[in-house]
Amino acid sequence: MSVVVFIEHEEGKVKKSGLEAVSFAKGLSKGDVVAVAIGANVSSDELAAVGKAGASKVLHVNDEKLNKGVIQAYSHVLAEAIKSVGAKHIVLAKSSLGDPVAARLAVKLDAALIANVSEVPADENDVKTSIFTGKAFANTKVTKENKIFAIKKNAATVLEDGSEAAVEEFSTELSDDLFVGKITGEDKAKGEILLPEADLVVSGGRGLKGPENWNLIEDLARALNAATGCSKPVSDMDWRPHHEHVGQTGVKVAPTLYIAVGISGAIQHLAGVNSSKVIVVINQDEEAPFFKAADYGIVGDAFEILPKLTEAVKAQLN
Amino acid sequence: MNILVCITHVPDTTSRISFTDNNTKFDTSGVQFIIGPYDDYALARAVELKEANGGEVTVLNVGPADTEPTIRKALAIGADKAIRVNAEPVDSFYVAQQIAAVIKNGNYDLILMGRESIDFNGGMVHGMVGELLNLPAFSPVMKLEIEGDTAKMSREIEGGKEFIEAKLPFIAGCQEPIAEWKIPNMRGIMSARKKPLEVIEPTDSVKNTEVSSYELPPAKGDVKMISKDNVEELVKLLKEEAKVL
Ligand SMILES: Cc1cc2nc3c(=O)[nH]c(=O)nc-3n(C[C@H](O)[C@H](O)[C@H](O)COP(=O)(O)OP(=O)(O)OC[C@H]3O[C@@H](n4cnc5c(N)ncnc54)[C@H](O)[C@@H]3O)c2cc1C
Ligand SMILES: Nc1ncnc2c1ncn2[C@@H]1O[C@H](COP(=O)(O)O)[C@@H](O)[C@H]1O
């Protein structure tokens with residue numbers, strides 16, 4: 001039985017989350033993995049490379065009308081692709097596009113939707129999911145044959161031992177009423193490492209005192225090739241854009257390394273970082289609660305430590 | 001303008017999570033329940049829109065009787081009436097079907113929800129309800145302005161936002177900074193007691209998932225402290241011990 005995976009791309013590149021989803025599907029099933037990519041703004045060479053992660057085929061909906069992620073149109077196209085493959089299992093990575101598409105597909109295909117899947121299940125009917133904003137897990141029994149797995153970052157390790165996938169074009173009728181809700185524009189950081197997908201994150205809190213000091217965070221992030229994040233008050237005060245705010249009411253990150261500078265470690269902030277593999281905390285207050293959640297800590301003044309740390313990273317990583 | 005706001009009843013964001021009965025039940029002892037923080041943004045925006053354009057705000061919760069204090073709080077904040085569907089909200093598709101049934105029986109110009117519930121964090125109910133009723137659903141919406149029958153929104157996407165224009169009715173999953181949370185005042189609290197809260201029985205709906213047990217993440221080991229005069233050591237440890245660089 002084949003598994004269909006929705007893969008997203010960004011600036012012409014398949015996102016890592018898509019490769020994770022393909023690898024997840026490969027781990028889930030002995031059957032073929034068929035990936036579906038939507039939009040004309042990605043090349044077939046790039047798509048063929050998805051084979052490395054385990055896809056044998058990529059269906060490419062090569063349509064300019066779908067260069068922007070219009071949710072209802074995407075859900076429709078994907079449902080048609082899934083029907084043409086005859087798949088009963090579908091995998092999507094969590095994102096601002098993956099989530100709403102998964103929700104609509106569940107209804108269209110009469111499938112059980114399992115959200116926040118945190119690892120590849122040994123038994124497809126018994127799936128571990130992350131709940132309470134990462135504070136706990138639920139072992140979820142699924143009673144339906146058709147299943148949609150909406151996976152969290154790091155639910156699977158990206159496989160690299162496959163060969164090139166065959167890329168085929170796929171198209172289907174697109175009626176105008178699939179384009180309700182017109183996307184009139186976009187305001188997006190270009191060329192930045194995107195926080196939700198980043199493997200390394202440097203985050204700053206109120207301890208940085210003001211936006212004019214963010215070059216200290218940015219310098220370290222650049223040296224590490226990391227994304228930048230912040231605490232909620234920092235984005236509330238407009239020191240940093242809203243999409244950088246990490247926590248319960250912000251982005252939930254799951255990097256291999258999270259460096260928190262001048263952040264106290266309120267429980268609502270921790271809820272957004274508890275899936276990180278390693279946490280480093282830099283704070284001048286040795287009593288800061290964040291140290292209890294940290295793997296490594298330095299007590300001291302961020303303004304003194306950050307420049308030194310950036311230099312040390314530059315010296316040791318090259 | 002008639003607005004429906006779907007609210008969850010969830011543990012306060014500072015709650016420590018634990019389980020009882022051999023890890024099969026959420027331990028509610030000592031836990032304070034609140035309106036889901038994202039649902040609270042939805043409610044605040046709904047009340048603002050009502051104040052600007054007239055109309056009525058209805059809050060809806062799918063849950064057992066113990067959610068009623070949370071529903072009353074929403075009435076105190078400024079909703080005009082409430083509906084509770086008397087059922088355990090165990091599976092997001094089950095909840096979506098209940099909400100869809102209420103929308104079909106009502107006459108709503110706009111349906112506001114939160115971006116996600118903070119217990120199961122699915123972020124899925126809006127899309128499911130949208131598909132069940134063939135309505136557009138947008139989430140997470142950070143800005144929502146309405147003029148006549150058209151709305152202008154911004155929706156957060158990875159690394160930024162996109163701007164959307166849509167005709168009413170539709171569903172929006174809200175998040176900050178769409179509005180500021182509202183705190184109920186004394187008059188609100190008094191009047192909330194008299195506002196109608198209708199309890200309806202669930203429609204026959206399927207459940208596709210069921211939790212068999214819960215687990216807590218493994219406890220963190222001790223933090224390793226490094227002197228501020230030796231930051232080189234930190235980089236070395238991250239490379240050689242933690243192997244993350
Ligand atoms: C419903 C709800 C949801 C919330 N959601 C979130 C969320 O999603 N994300 C979030 O982050 N917060 C959230 N909060 C807010 C949260 O409770 C905290 O208020 C917030 O995280 C504190 O941010 P902070 O650590 O940057 O600031 P502070 O608590 O002010 O801490 C600043 C820290 O910097 C340290 N410091 C000061 N100067 C220096 C220096 N020179 N060098 C080094 N360290 C220094 C201080 O010792 C202190 O520990 C939420 C709150 C509520 C009620
Ligand atoms: N039991 C419920 N009753 C009313 N609304 C709900 C319920 N569960 C979820 N919702 C709404 O759907 C949104 C998304 O929930 P979820 O998909 O569970 O993350 C929430 O923010 C609420 O607005």
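Predicted model only: the values in this text are computed from it and were never measured. Residue numbering restarts at 1 for every chain, and letters A, B, ... go by the order of the sequence lines.
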With a 4.5 Å cut-off on heavy-atom pairs, point out which of [options] contacts chain A the most.
{"options": "B/Val231, B/Val223, B/Val244", "value": "B/Val223"}
{"options": "B/Glu165, B/Lys239, B/Lys167", "value": "B/Glu165"}
{"options": "B/Asn208, B/Leu237, B/Asp229, B/Asp222", "value": "B/Asn208"}

Does the side chain of [X] pick up a donor-acceptor pair with the side chain of [Y] at under 3.5 Å?
{"X": "B/Glu233", "Y": "A/Tyr296", "value": "no"}
{"X": "B/Thr20", "Y": "B/Asp27", "value": "no"}
{"X": "B/Asn23", "Y": "B/Ser213", "value": "no"}
{"X": "A/Gln268", "Y": "B/Thr14", "value": "no"}
{"X": "B/Asn22", "Y": "B/Thr24", "value": "no"}
{"X": "B/Asn61", "Y": "B/Thr67", "value": "yes"}
{"X": "A/Gln248", "Y": "A/Thr133", "value": "yes"}
{"X": "A/Ser275", "Y": "A/Lys152", "value": "yes"}
{"X": "B/Glu131", "Y": "A/Ser75", "value": "no"}

Checking heavy atoms, do the side chain of [X], its backbone, both or neither come under 4.5 Å from chain B?
{"X": "A/Leu270", "answer": "neither"}
{"X": "A/Leu194", "answer": "side chain"}
{"X": "A/Asp236", "answer": "side chain"}
{"X": "A/Ala294", "answer": "both"}
{"X": "A/Leu200", "answer": "side chain"}
{"X": "A/Ala227", "answer": "neither"}
{"X": "A/Leu195", "answer": "neither"}
{"X": "A/Glu244", "answer": "neither"}
{"X": "A/Glu304", "answer": "side chain"}
{"X": "A/Ala111", "answer": "backbone"}
{"X": "A/Val280", "answer": "side chain"}
{"X": "A/Lys252", "answer": "side chain"}
{"X": "A/Pro241", "answer": "neither"}
{"X": "A/Asn116", "answer": "side chain"}

Measure distances from [X] to the heavy atoms of chain A and classify the residue's part below 4.5 Å as side chain, backbone, both or neither.
{"X": "B/Lys161", "result": "both"}
{"X": "B/Glu116", "result": "side chain"}
{"X": "B/Ile226", "result": "both"}
{"X": "B/Tyr38", "result": "side chain"}
{"X": "B/Pro37", "result": "side chain"}
{"X": "B/Lys207", "result": "backbone"}
{"X": "B/Leu238", "result": "side chain"}
{"X": "B/Gln175", "result": "side chain"}
{"X": "B/Phe93", "result": "side chain"}
{"X": "B/Met142", "result": "side chain"}
{"X": "B/Phe26", "result": "side chain"}
{"X": "B/Ile157", "result": "both"}
{"X": "B/Ser15", "result": "backbone"}
{"X": "B/Arg16", "result": "neither"}

Has the side chain of B/Gln98 got a donor or acceptor atom that lies under 3.5 Å from a matching backbone atom of B/Thr203? yes

Can you check whether B/Glu240's main-chain N or O pairs, donor with acceptor, with B/Lys243's side chain at less than 3.5 Å? yes

Mind ranking [options] by heavy-atom pairs under 4.5 Å with chain B and telling me who comes out on top?
{"options": "A/Ile193, A/Thr249, A/Leu309, A/Asp126", "answer": "A/Thr249"}
{"options": "A/Lys188, A/Gln316, A/Lys135", "answer": "A/Gln316"}
{"options": "A/Gly297, A/Ala115, A/Ala312", "answer": "A/Gly297"}

Students often mix this up, so state it plainly: with edges at 30° and 60°, are the rings of A/His269 and A/Tyr258 parallel, tilted or perpendicular?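 Answer is tilted, since the angle falls between 30° and 60°.
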
Aromatic plane relationship, B/Trp181 with B/Tyr41 - under 30° parallel, 30 to 60° tilted, over 60° perpendicular: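 Geometry flag for B/Trp181 against B/Tyr41: parallel rings.
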
So A/Lys277 and A/Leu257, do their side chains get closer than 4.5 Å, heavy atoms only?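 Side chain of A/Leu257 against side chain of A/Lys277, heavy atoms only: no contact under 4.5 Å found.
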
Residues in residues 175-186 of chain A near chain B [non-hydrogen atoms, under 4.5 Å]: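 Answer by number: A/Val180, A/Gly181, A/Lys182, A/Ile183, A/Thr184, A/Gly185, A/Glu186.
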
Before you tell me yes or no, could you show the steps for A/Lys15 and A/Glu8 under salt bridge (charged side-chain N to carboxylate O under 4.0 Å, His left out), namely the whole-Å CA-CA distance, both residues' side-chain angles and the distance that decides it to 0.1 Å? CA-CA 6 Å; A/Lys15 287 199 198 175; A/Glu8 290 182 58; 3.6 Å; yes

Pick from B/Val211, B/Val95, B/Val10, B/Thr8: which one makes a side chain to side chain contact (heavy atoms under 4.5 Å, CB included) with B/Phe120? B/Val211

Ion pair present between [X] and [Y], side-chain N to carboxylate O less than 4.0 angstrom?
{"X": "B/Glu48", "Y": "B/Arg45", "answer": "yes"}
{"X": "B/Glu162", "Y": "A/Lys68", "answer": "no"}
{"X": "A/Asp199", "Y": "A/Lys153", "answer": "yes"}

Does B/Asp40 form a salt bridge (charged side-chain N to carboxylate O under 4.0 Å, His left out) with B/Lys182? I'd like the steps, not just the answer. CA-CA 8 Å; B/Asp40 225 354; B/Lys182 292 196 186 321; over 6 Å; no

Using the ring of A/Phe137 (Phe, Tyr or Trp, six-membered ring only), decide whether A/Lys128 places NZ or CZ under 6.0 Å from its centre and within 45 degrees of its axis. yes

Going through the checks in order, is the side-chain hydrogen bond (donor to acceptor under 3.5 Å, both in side chains) test met by B/Thr209 and B/Asp91? CA-CA 6 Å; B/Thr209 62; B/Asp91 167 67; 2.5 Å; yes

